[in-house]
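Below: the structure, in structure tokens.
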Amino acid sequence: MSIYDTLNPEQKRAVLHNRGPLLILAGAGSGKTRVLTHRIAYLIDEAGVNPWNILAITFTNKAAREMRERVDNIVGYGSENIWVSTFHSTCVRILRRHIDRLGYDTNFTIYDSDDQKTLIREVCKYLDVDTKKFKERALMAAISHAKDEMMSPEQFERENQVDYGKRTIAKVYKEYQSRLKKNNALDFDDLINKTVELLRTNEDVLHYYQNRFKYIMVDEYQDTNTAQFELISTLASTVNEEGEMEHNLCVVGDDDQSIYKFRGANIYNILNFEKQYPDTKIIKLEQNYRSTKNILAAANEVIAHNTERKSKALWTEQEEGDPIYWQIFDTDRDEAESIAVDIANAVKNDDKMYSDFAVLYRTNAQSRILEERLVNLGVPYKIVGGVNFYQRKEIKDLLCYLKTIDNGNDDISVKRIINVPKRGIGLTSVDKVQVHAIDKGISFYQALTEAEYIPTLGRAASKISPFVSMIEILKGKLHNPDYSLLDLFDEIIEATGYVDELREDGTIESQTRIENIQELRNKIASYLDSTDEPSLSNFLEEVSLVADIDTVTDDTNVVILMTIHSAKGLEFPYVYMCGMEDGIFPSYMTITSDDPTEIEEERRLCYVGITRAKKKLSLSAAKMRMQNGEMKFNKPSRFINEIPRFLLKQTGAISAPRFPREDSAFVNSFGGSSNYGTIPSKMAASPYKKPAPLNKSANTMFDKPKTGSSLLNSIPNLQKGLGAAKSFQPNYKVGDTVKHIKFGTGMITKMQQSGNDYEVTVDFEGSGQRKLRASVARLKKL
DNA sequence: CTCAAGAGCCTTTTT
DNA sequence: GGCTCTTGAG
């Protein structure tokens, strides 16, 4: 019996297909990752494909990591030579080698959305564009959209000459792009676009990668945008031994789970795949292995309300299971309380794990009240999404020091830290230096080094030179091979007095920041542990491509809270979908939109949410909800009505929704005859009471700093804040054989506790002895 | 140049 | 409600 005998007939057909384009339409929970990994194994073990010729692309690092793990487990030989990576890291890897062909330096910086916004703001100031009329957000979105469609600034300008607004956008786009280049920086979209540009303009590079990636697999294909499609289709044209053109491209996706149109995903990539590649073989995976019959029926019914979709019907051999639970609460607080109590009881009485539960919601803002109730009941949890670790002020500041040292052309980073901590270099001085930089056509940092020759600066120049010499000294030390990244990090903290200042501050907030900095230091340490040839640039790059979902691991026993978007690809035995109200989900924006396809995207999102549940799905809504500081009255989500009655079990008090009278002073602010209502928060009467303040001494982690956002999200806080029991507890001990994703198998020779973590020494078969941090290394006991 | 207080915006989702 | 940006006083 071979590993392929465990597959169902469709899965098997997909796995055994080894040449030519293949489209796998894989419904939720139909085992697509299994198919992909088995197909890789088949290609290597049976079809004689060199592992080196295989590229598997995903969207998130988490998905890539999981696939890598599973591939490693079933591919006998050479699995480390398979490229399994995300779109963005694949591109970075290619660009680091060849981007000099496009006039960039190979140590380019990657800008996150914060940096982008800063740059846009600068551009607007420079071009005299009123940011009241043209919001940075809107400009960013417009530019990003253009890039998704691979439209260059020049092309955008040509095609948008009539409309004043669009002309302005074109101007901003052009300047933005030229400044990115000046700063030797790429934004997320550029990573894809520049790679395509590189391949199109450099035949030798193109041939190299076409030859290398003879077999390409793409996961979540329905989420690809035009640029990503171009990338893939450009790569996936190879010539075989017989001299014929081949497209060994295998894409896996589900049009019903396309939920990223707002981000530029082009659903026609999947809908028209067979037109792009006429000899495409299409395989549908419709058997679901995840959910009960009832859950699946609910999902099928909801999604059937969409018009534009490829026909598909999921089925399962599983039992009917529980009904779908549905409950309407008076307030959002009641809703949150009920969910928290439910979970706490289930864990206490029914022997469930916290990690069996997930609470899903439409918007990140909904997490706050849930979090509050969970804390209250002592239920451990982790929030995924919101503001990620690397965007916190203190982390960004220190990263910008590193970036400045790494790439002096990155003006944005330099400007961010020039006066952090305070050095008496204010905005006026910065502007003067900037003017000088533009005049001379040099970078901002370069201009700083010439500060004493900038006459307008006057005495301020004397404040600048110590900063420059500090950076120069640190830069110089980097050349010493014995000087590690950790030394550099410590020296930055020492030289800037960053932590000292926080310490003097003495507030709980500063304390948390110090802990975050410590955590960043740990991350550097574990980076050094796990990388063969560590470098500053490489570290910064890894950091910039981390998404919050990537930090979710299934080895921590906590309840997971996240948006439905983040939940795609995951599954949980027990799922709560809360805030099932018109105006929340589907969102107000899509309800009022002229574009009817928007509500369909919301419905797909609902479908994604429902299909995350394996055993039990609980839906809930609140009649009254605090939103943007206002009390809102929403009616139950239309999606609830789309689930057949007999599948639902409504629990709790069934009272008619209470809405404000139309003629009252509280008439809704949306206008029209909708059922929405809103009243200012001050007028909102009980039962909505302000929750009691959290106990500070017991929950220092739950105090938020004024700037930066929720500190509740990060793993370190989780480990620290939830008591001793929540520190990292490995399930292995000295003498055990473990597997590391990169170093392979080895034996644990030593384990030493350090704080909430363990330092584990492993003797690896291939790479010898290494010290690893248990919480990061994620060793698997064999 | 820095800090504090007030205005205004926000909320759809994120690699 | 909470975050960010602007404004005006020291």
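Here the structure is a predicted model, which is why all the values come from computation and not from measurement. A, B, ... follow the sequence lines: proteins, then strands. Residue 1 opens every chain.
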Pairs under 3.5 angstrom, nitrogen or oxygen only, protein versus nucleotides 13-15 of chain B, please.
| residue | atom | partner | partner atom | Å |
| --- | --- | --- | --- | --- |
| B/dT13 | OP1 | A/Asn364 | N | 3.3 |
| B/dT13 | O2 | A/Arg362 | NH2 | 2.8 |
| B/dT13 | O2 | A/His565 | NE2 | 3.2 |
| B/dT14 | OP1 | A/Thr563 | OG1 | 3.1 |
| B/dT14 | OP1 | A/Ser566 | OG | 3.1 |
| B/dT14 | OP2 | A/Asn364 | ND2 | 3.3 |
| B/dT14 | O4' | A/Arg263 | NH1 | 3.3 |
| B/dT15 | O3' | A/Phe59 | O | 2.3 |
| B/dT15 | O2 | A/His88 | NE2 | 3.4 |

Sequence neighbours excluded, the answer for ring-ring contact (aromatic ring centres under 6.0 Å, His included) partners of A/Phe188 is A/His88
Atom CD of A/Glu372 and atom C1' of C/dG1 are separated, to the nearest Å, by 12 Å
Taken to the nearest whole Å, NZ/A/Lys135 to C1'/B/dC9 is 8 Å
In short, A/Ser258 meets A/Glu601 closest at the heavy-atom pair O-OE1, 3.8 Å
Here the distance between atom P of C/dC3 and atom NZ of A/Lys117, to the nearest Å, is 14 Å
Atom CZ of A/Arg368 and atom P of B/dC10 are separated, to the nearest Å, by 18 Å
Point to revise | Aromatic A/Phe389 / basic A/Lys523 pairing, under 6.0 angstrom, 45° off normal | key: yes
**OP:** Compute whether any side-chain donor of one residue and acceptor of the other, for A/Glu230 and A/Gln228, lie under 3.5 angstrom apart.
**Re:** no
Do A/Ser593 and A/Asp595 pair up side chain to side chain, a donor and an acceptor below 3.5 Å, judged on atom types alone?
no
Can you check the distance between C/dT6 and B/dT11, where both ends of the measurement are the C1' atom (answer in whole Å)? 22 Å
- request: Check the side chains of A/Tyr260 and A/Asn225 for a donor-acceptor pair under 3.5 angstrom, ignoring hydrogens and angles.
  value: no
Rounded to whole Å, CZ of A/Arg392 lies from P of C/dC3 at a distance of 12 Å
| query | Under 4.0 Å between a Lys/Arg side-chain N and an Asp/Glu carboxylate O for A/Lys632 and A/Glu581? | reply | no
Checking B/dT11, C/dC5, C/dG1 against the side chain of A/Met626 (C-beta onward), the nearest is C/dG1
Here the residues of residues 424-432 of chain A within 4.0 Å heavy-atom distance, strictly under, of DNA chain B are A/Gly424, A/Ile425, A/Gly426, A/Leu427, A/Thr428, A/Ser429
### Message
Under a plain distance cut-off of 3.5 Å, with no hydrogens placed, do A/Asn306 and A/Tyr607 share a side-chain donor-acceptor pair?
### Response
no
Between NZ of A/Lys632 and C1' of B/dT12 the distance, given in whole Å, is 14 Å
Close N or O pairs between protein and nucleotides 6-9 of chain C (under 3.5 Å):
none

The salt bridge (charged side-chain N to carboxylate O under 4.0 Å, His left out) partners of A/Arg96 (sequence neighbours excluded) come to A/Glu541
On DNA chain B, more 5' by nearest nucleotide between A/Gln627 and A/Arg423 is A/Arg423
The salt bridge (charged side-chain N to carboxylate O under 4.0 Å, His left out) partners of A/Lys403 (sequence neighbours excluded) come to A/Asp115
Q. Can you tell me if A/Thr597 and A/Lys261 form a side-chain donor-acceptor pair at under 3.5 Å?
A. yes
| field | Whole-Å P distance, B/dT13 and C/dT4 | value | 15 Å
For A/Asp223, answer base if it contacts any base atom (sugar-phosphate contacts may also be present), sugar-phosphate if it contacts only those atoms, and nothing otherwise; contact means non-hydrogen atoms under 4.0 Å.
nothing
When rounded to whole Å, the CD1 to P distance for the pair A/Ile599 and B/dT12 reads 14 Å
Rounded to whole Å, the NZ-P distance (A/Lys422 to B/dA4) equals 10 Å
**Message:** Under a 3.5 Å distance rule, please check whether A/Gln257 uses its side chain to pair with a backbone N or O of A/Val608 as donor and acceptor.
**Reply:** no
